[in-house]
Amino acid sequence: MAKAPVLTPQSEDFPRWYQDVLNKASLAENGPVRGTMVIRPYAYALWERMVSEVDARIKATGAENAYFPLLIPESYLHREAEHVEGFSPELAVVTHAGGKELEEPAVVRPTSETVIGEYMAKWVQSYRDLPLLLNQWANVVRWELRPRLFLRTSEFLWQEGHTAHATAADASSYARRILDEVYADFMVEVLAIPVHTGVKTAAERFAGAINTLACEAMMRDGKALQMGTSHELGQNFARVFDIGFSDSDGNQQLCWTTSWGVSTRMMGGLIMAHGDDSGLRVPPRLAEVQVVVMVVRDGDDGEVSDAARVLVQRMADLGVRARLDDRVDVQFGRRATDWELKGVPLRVELGPRDLAESTAVVARRDTSTKGPVGIDGLAASVPDLLDEIQASMLADATERRDDHTFDVAGIEEALEATETGFARIAWADLGVEGEARLASDAVTVRCLQDAAGGVPSDPDAPGVTAIVARAY
RNA sequence: CGGGACGUGGCGCAGCCUGGUAGCGCACCUGCUUUGGGAGCAGGGGGUCGGGAGUUCAAAUCUCCCCGUCCCGACCA
């Protein structure tokens, strides 16, 4: 029997669809204070998986985790002119505590360059102390005018890396390494989301940075989402926080610093890059639940449940994150729909009829296809099948993005192309004036790329392309 | 913060124009029948109608102010 769609179709109203997914899949809701967010268990489990994957990659680059305070003396923010200017509109400031007014107000960190800079200055004395590679997992607060769950909330969770280096070249290559080996690798390999890596224009640069690198992804509505950034801060922060060292010749020198981060915004990216009209689609490598084994219904002796349990155990033995769903008191259709909403990559349906034929029905979430499979070899085939789903999701997302990317020659064409996707235009043709012109129509330069599609060494060199789009 | 739309049980809505102090669908609870794609029947619980002030014998309904949500702009991970 035909049922009303569970979610507002994407084609009808994408923002509404997004809201529906958050609600129906029990992912997140608004907190009581405007702009704040409650992350529900299933979504938080996905975030924890992101954290562990990203954290491992960060550590592989040599950085170590530390923790710095939530509250920062307001004066710290004022030391770097562009930095304050960039952040002051969105600062939350604590002026009273312990029942009285504070001598110096404390800002709730919007990012931690300033406190960390203060401590780096203490810890770095010699070139032997460099590079100093720090990272922290924390919450930050940036008061937002237009909050949207996961994409733009006043408080969000993230990782912020802060490093100090002896030379500009070392800082630059490290910032680049984070972008490629940590962020892009994670997004492509785990999230199955293709990203453009490139450099930001001066207009889009981080407050206080000399260079900002970014990973940009396309959502299913053709809009862009910045999924991660890595900044070269030059000596701006080193200068104001006095992060210096003695080089091997005994000369006093100033450090070169970087900072880089990814946040809970990636959850929004995951939802909007892969989700379809049936709900979320989670790539297997990220999925907290990779396979759900559903007992369709059970016989009197419980043999279907027993067989399902055996399947789950076999999969678990192979390292698959498998879960049993034996809530036979809940309608099958309801449970199936619910797992689809939650985007579990693979569903195995087992009922008396299957068991009698020694088969089970295997349903793929990514392709919405299903069919019977012999029960004996099933568990053993799952790891490969999950790999196939992972690859297929990335291929799909890449194809979708490329189909919605257009090479254009002028502003008018760019505006038209960005109605449905990305436009690529020669940076030399667009220029700062063109960028401003596009901005008046809410279209921005997402990043600049060299001819090979990589981060350009010189943004103003010939052959550099601007990827422009509407963005979240 | 500028423009637009909207706030009515958990969610989605009707009622408002033409004031008479709430109703529908889903969800929830109980029972029975069901269970291979969001079940059926019967019974039941839950709402100071976003908040405040005003008009009135009487306000979800009319007036004013505030708050919030969503969309479109200015800013950002």
Side-chain angles (χ1 to χ4, degrees), chain A residues 1-8 13-20 22-24 26 29-35 85-91 110-111 138-161 183 200 203-207 212 214-217 225-231 259-269 278-279 294-299 304 327-341 347 349-357 359-361 363 368 370 372 439-444 470-472:
Chain A
M1 107 179 65
K3 281 282 171 190
V6 178
L7 306 170
T8 302
D13 185 343
F14 197 83
R16 181 82 176 270
W17 169 86
Y18 183 74
Q19 285 293 127
D20 284 354
L22 296 179
N23 288 331
K24 296 281 175 63
S26 302
E29 43 198 273
N30 288 316
V33 171
R34 178 180 161 79
E85 194 187 328
F87 281 109
S88 53
E90 38 191 12
L91 291 180
T111 178
N139 58 338
V140 287
V141 169
R142 297 179 187 178
W143 220 252
E144 288 293 345
L145 304 177
R146 249 182 81 191
R148 275 196 103 191
L149 290 174
F150 287 123
L151 300 173
R152 201 187 300 104
T153 49
S154 287
E155 178 191 6
F156 56 90
L157 306 182
W158 76 345
Q159 133 308 286
E160 51 177 322
Y183 297 161
K200 288 288 185 182
E204 299 284 328
R205 203 175 279 156
F206 176 75
T212 289
C215 292
E216 293 283 334
L225 181 72
Q226 181 175 307
M227 304 255 307
T229 51
S230 183
H231 313 289
S259 70
W260 26 278
V262 292
S263 72
T264 37
R265 171 179 275 187
M266 288 194 296
M267 288 291 299
S278 301
M294 296 181 65
V295 176
V296 175
R297 56 195 173 80
D298 215 341
V304 178
R327 296 126 68 207
V328 289
D329 54 329
V330 178
Q331 283 283 312
F332 170 80
R334 164 179 299 274
R335 288 185 288 147
T337 305
D338 197 53
W339 291 118
E340 278 169 2
L341 277 167
R347 207 171 64 238
E349 305 171 357
L350 191 61
R353 294 211 295 261
D354 305 298
L355 202 56
E357 294 169 23
T359 63
V361 172
S368 300
K370 67 177 184 180
S440 64
D441 281 287
V443 172
T444 49
R470 288 167 199 284
Y472 279 97

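Numbered from 1 within each chain, the chains take letters A, B, ... in sequence-line order. As the structure is a prediction and not an experimental result, all values here were calculated from the model. When reading the values below, keep in mind they use all heavy atoms of this one structure, side chains included, and skip hydrogens, waters and symmetry mates.
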Of the options [options], whose atoms approach the side-chain atoms of [X] most closely?
X	options	value
A:Glu144	B:G37, B:A27, B:C76	B:C76
A:Arg16	B:C76, B:G12, B:A77	B:G12
A:Arg148	B:C71, B:G12, B:A77	B:C71
A:Ala442	B:A74, B:G36, B:C70	B:A74
A:Arg297	B:U35, B:A77, B:G37	B:U35

- Whichever of A:Asp338 and A:Glu155 has the more 5' nearest nucleotide on RNA chain B, that residue is A:Asp338
- Given that A:Leu350 and A:Arg152 both sit by RNA chain B, which one's nearest nucleotide is further toward the 5' end? A:Leu350
For [X], report the nucleic acid contact type (base, sugar-phosphate, nothing); a contact means any heavy atom under 4.0 Å.
X	result
A:Pro89	nothing
A:Ala214	nothing
A:Val262	nothing
A:Phe206	sugar-phosphate
A:Ser154	nothing
A:Gly261	nothing
A:Leu151	base
A:Glu160	nothing
A:Thr229	sugar-phosphate
A:Tyr472	base
A:Lys200	nothing
A:Val140	nothing

Measure from [atom1] on [X] to [atom2] on [N] and round the result to the nearest Å.
X	N	atom1	atom2	value
A:Asp13	B:A5	CG	P	17 Å
A:Glu216	B:A77	CD	P	10 Å
A:Phe14	B:C70	CZ	P	16 Å
A:Met294	B:G38	CE	C1'	11 Å
A:Asp329	B:C32	CG	P	14 Å
A:Arg327	B:G36	CZ	P	14 Å
A:Leu22	B:C11	CG	P	14 Å
A:Arg353	B:G36	CZ	C1'	5 Å

Please determine, for [N], whether a Watson-Crick or G-U wobble partner exists with both distances under 3.5 Å, and give it or none.
N	value
B:A58	none
B:C17	none
B:C41	B:G31
B:G12	B:C24
B:G68	B:C6
B:C49	none
B:G36	none

Can you tell me how far [atom1] in [N] sits from the matching atom in [M], rounded to whole Å?
N	M	atom1	answer
B:G37	B:A42	P	24 Å
B:C66	B:G2	P	11 Å
B:U63	B:C71	C1'	28 Å
B:C26	B:C32	C1'	22 Å
B:G36	B:G4	C1'	48 Å
B:G7	B:G12	C1'	13 Å
B:C11	B:C28	C1'	12 Å
B:G51	B:G44	C1'	32 Å

What's the shortest heavy-atom distance between [X] and [Y], and which atoms?
X	Y	answer
A:Phe87	A:Pro110	CD2-CB, 3.9 Å
A:Gly86	A:Ala207	CA-CB, 3.8 Å
A:Tyr183	A:Cys215	CB-SG, 3.8 Å
A:Met227	A:Val262	O-CG1, 3.5 Å
A:Asp441	A:Arg470	O-NH1, 3.1 Å

- Counting N and O atoms only, with roles assigned by atom type, does the side chain of A:Tyr472 sit under 3.5 Å from a partner on the main chain of A:Gly269, one being a donor and the other an acceptor? no
- Task: Compare side-chain N and O positions of A:Arg142 against OP1 and OP2 of B:C75 and report whether any pair is under 4.0 Å apart.
- Result: no
- Examine B:G73: is either OP1 or OP2 under 4.0 Å from a nitrogen or oxygen in the side chain of A:Arg470? Give yes or no. yes
- Query: Hey, are A:Lys200 and A:Glu216 close enough for a salt bridge, meaning a charged N less than 4.0 Å from a carboxylate O?
  - Reply: yes
- Task: Answer yes or no for this row: A:Phe156 ring on B:A77 base, centroids under 5.5 Å, planes under 30°.
- Result: yes
Could you check whether the side chain of [X] and the base of [N] have a donor-acceptor pair of N or O atoms closer than 3.5 Å, going by distance alone?
X	N	answer
A:Arg347	B:G37	yes
A:Gln331	B:G37	no
A:Lys24	B:G38	no
A:Asp354	B:G36	yes

- Side chains of A:Val296 and A:Val304: does their closest heavy-atom pair fall under 4.5 Å? no
- Task: Please examine the side chains of A:Met294 and A:Phe332, heavy atoms only from C-beta on, and report whether any two atoms are closer than 4.5 Å.
- Result: yes
- Message: Working to the nearest 0.5 angstrom, can you tell me the gap between A:Asp20 CG and A:Phe14 CZ?
- Response: 11.5 Å
